[in-house]
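One structure below.
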Number of protein chains: 2
Amino acid sequence: MKGKATSFDIAHYAGVSQSTVSRALRNSPLVNEETRRRVHEIAKKLNYKVDKNASNLRTQQSSTLALLLFEDPTEDESQINPFFLSMLGSITRACAKEGYDLLVSFQSTSSDWHADYEDSHRADGLILLGYGDYIDYQSKLQTLLDNHTKFVCWGATVDNRPDLTVSCDNYGGGVLAAKHLIDMVRTDCAFIGDASDHSPEFFARFKGFRDTLKAKGIEVSDRKMANAISTEDSGYHATRSLIANNVKFNALFAASDLIAIGAIKALQEAGVRVPHDVHVVGFDNIAAAGYVSPSLTTVQQNTTLAGQMLVDNLLTLIRGEAVTSTLLPPKLIIRQSSR
Amino acid sequence: MKGKATSFDIAHYAGVSQSTVSRALRNSPLVNEETRRRVHEIAKKLNYKVDKNASNLRTQQSSTLALLLFEDPTEDESQINPFFLSMLGSITRACAKEGYDLLVSFQSTSSDWHADYEDSHRADGLILLGYGDYIDYQSKLQTLLDNHTKFVCWGATVDNRPDLTVSCDNYGGGVLAAKHLIDMVRTDCAFIGDASDHSPEFFARFKGFRDTLKAKGIEVSDRKMANAISTEDSGYHATRSLIANNVKFNALFAASDLIAIGAIKALQEAGVRVPHDVHVVGFDNIAAAGYVSPSLTTVQQNTTLAGQMLVDNLLTLIRGEAVTSTLLPPKLIIRQSSR
DNA sequence: ATACAGTCTGACACCGGTGTCATAATGTCG
DNA sequence: CGACATTATGACACCGGTGTCAGACTGTAT
């Protein structure tokens, strides 16, 4: 036997037609039980596997989803945002559970992601994962919509299509962080992240935080805010600039754990004690949050559930059914950095 | 225009045959420059993308690699070994660089991984990633060999086929760890990992470690060894059992960083100071190694290079050429846990 | 015996490309 | 002008399955 066995080979050995083999292997009720058993047996002996390309071509679907990861570029390309990695894990498992394969692809935020995975029938739908909105992000999403490409987004919203987004309740997370600091009587708060709508997720976290303090009559002044993207380095430098500007605060809310970790490092280097002098709260609950010293209080996003919802919603869309906007509840994890 | 455009649609608009369209799109030198331009233009306008299934079916290859991740089962399924995640990142990037797609799949170690990705023409080759050897691992690899499936392994060896393995020089890494502890005059060493050939990678690390100490006339007694799989929890409990047995040591070598992190926790809980009382050295250099307190001295595996080599070697095999066994040099990263 | 429903199977078109072969059109040279 | 190489194109089989349709066969009611 040269090359791989085909359904014709099985047909030959079983003494039936290829059509019958195809039906038997898919357990069609049309075939006789005895025939079905014989075909399965021979298939197993020949180590036969259905050719996915032929099958997909005929049925016009691929049983495959594509995960497109958009990342802020970092100096060290091999380091991936741990939060996304965690999502990747849960998405992979969710796909497996639903019997779908997963194609993974990193997209440089600058590059022209043609997102041709679905057009080329490599995948039935796309999962878009990444912070914020990049150059042309919305217009590219619009192209996807125009092409009737099925996709769901994590975090970032799609104009007029809230149903395509699965996201953590970032605003609610910001509220949790603020309430916790109010409980701890630490209301002279700084914020590090991106308080513009350039990065919608970070902005929502900030708004929830700010609004909650405001309700208590406390303002977060512009002086106490610094921009950062979600890397340790960026958080470190943003915090240093606050310190250099002689900004005073007794609590700090970071838009992500990586930022918070960088912030703690900058604070400690400046001789500021955490949590004694400054309470720090992060966002995401990445693994490292439990390892840093002091361990980091943070707002947890349930990545397991998130991955499951992304896959579920996408599959629903692919089936042509409607989905509703999905907002996942955040949860405060209190650790040493704020007590 | 309902549905997606096909090459026939383009042929129609361009006033040429479908054959010519196919050739033009692949920039065959056979087609006239002017025709080629017109076809490309129309294709772009129609948002045409080659149907991968049709193309793959005809050419009998998929431009896709499959990554199969084997993990020791943990209680929290969503947490993936960070070292593997790091590998995943570098493999993804390496694939993209070579113009290949990547299918990612988690395999429960217990489940029957038919590894049918290649048989079903979903992927041209497999990358196997996981510690150690599981039930039937070698026999399953043998099945792959029998089926002429192209694959490469990380770490674990394949009987009689060293060329199919890309791996860190685990033995050399163990040597580095031992030499470092000798330099620090901490030679009363414990080892936590798996000092049996059940887990070949861990065993090699141990051998390099043990042999180096032995050359200095120092024995690592069985009493000072405890088994653990690569989780923080497992490292924690293994260390507690050493402490409970009243085993004395002033240095500890852990077969992985996760084990080391669990070990440090157990030591600290028992009132043992790290590094003052016990020096700790890990293996992998996962991100958390830099975050824990004290930060962890460890043997770094170059995951970027490893991912690249895995992909390169696999592609070489797919081209039908020979590859040689690949061993990557480890590097010692000295941090606070050993000084 | 005839009609008819139910069960099972084979023939065949089809999915959308790719590769081969034949051939038309044009140019070149003796 | 005929022989021949060169260039550009179309026709067509093919990859390996899936879905439709027709029909053979069996059993049961009329």
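Residue numbering restarts at 1 for every chain, and letters A, B, ... go by the order of the sequence lines.
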| Side-chain heavy atoms of A:K45 within contact of A:H40, under 4.5 Å | no

| said: Once you apply a heavy-atom cut-off of 4.0 Å, does A:S22 come out as touching a base, just sugar-phosphate, or nothing? | reply: base

| said: Quick check on C:dG19: is either OP1 or OP2 less than 4.0 Å from any side-chain nitrogen or oxygen of B:R26? | reply: yes

| request: Indicate, with a heavy-atom threshold strictly under 4.0 Å, whether A:Q18 touches base, sugar-phosphate, or nothing. | output: base

| said: With hydrogens left out and only the distance checked, is there a donor-acceptor pair under 3.5 Å joining A:R23's side chain and the base of D:dT20? | reply: yes

| Is the shortest heavy-atom distance from the side chain of B:Y117 to the side chain of A:D101 under 4.5 Å? | yes

| request: Could you please name the option among D:dT9, C:dG10, C:dG17 that lies closest to any side-chain atom of B:S55? | output: C:dG17

| Can you tell me how far C1' of C:dG17 sits from CG of A:N56, to the nearest Å? | 14 Å

| message | Under 3.5 Å, is there a donor on one side chain and an acceptor on the other for B:S90 and B:T303? | response | no

| request: Measure from CG on B:D9 to P on C:dC15 and round the result to the nearest Å. | output: 12 Å

| message | Whether B:T59 contacts C:dT18 is assessed here as follows: a side-chain N or O lying under 4.0 Å from the phosphate OP1 or OP2. Is that the case? | response | no

| said: For a quick check under 3.5 Å, do B:T6 and B:D51 share a side-chain donor-acceptor pair by atom type? | reply: no

| To the nearest angstrom, how far is B:Q61 atom CD from D:dC14 atom P? | 21 Å

| note | B:K52 atom NZ is separated from D:dG17 atom P, nearest whole Å, by 20 Å

| note | A:F8 atom CZ is separated from C:dA11 atom C1', nearest whole Å, by 11 Å

| query | Quick one: does A:T20 reach the base of C:dC8 with a side-chain donor-acceptor pair under 3.5 Å? | reply | no

| note | In whole angstroms, the gap separating P of C:dG17 from NE2 of B:H121 amounts to 20 Å

| query | Does one side chain, of A:S22 or A:R26, offer a donor that lies under 3.5 Å from an acceptor on the other? | reply | yes

| query | Which listed nucleotide (D:dG17, C:dG16, C:dT18) is nearest to the side chain of A:L57? | reply | C:dG16

| Taking for each residue the nucleotide of DNA chain D bearing the nearest heavy atom, is the 5' side occupied by A:L30 or by B:T35? | B:T35

| remark: To the nearest angstrom, the CD-C1' distance between A:Q60 and C:dC14 comes to 10 Å

| query | Would you say the base of C:dC12 and the side-chain of A:S19 have a donor-acceptor pair closer than 3.5 Å? | reply | yes

| field | Minimum-distance nucleotide (side-chain atoms of A:D51 versus D:dG17, C:dG16, C:dT18) | value | D:dG17

| Spacing between B:N32 atom CG and C:dA25 atom C1', to the nearest angstrom | 12 Å

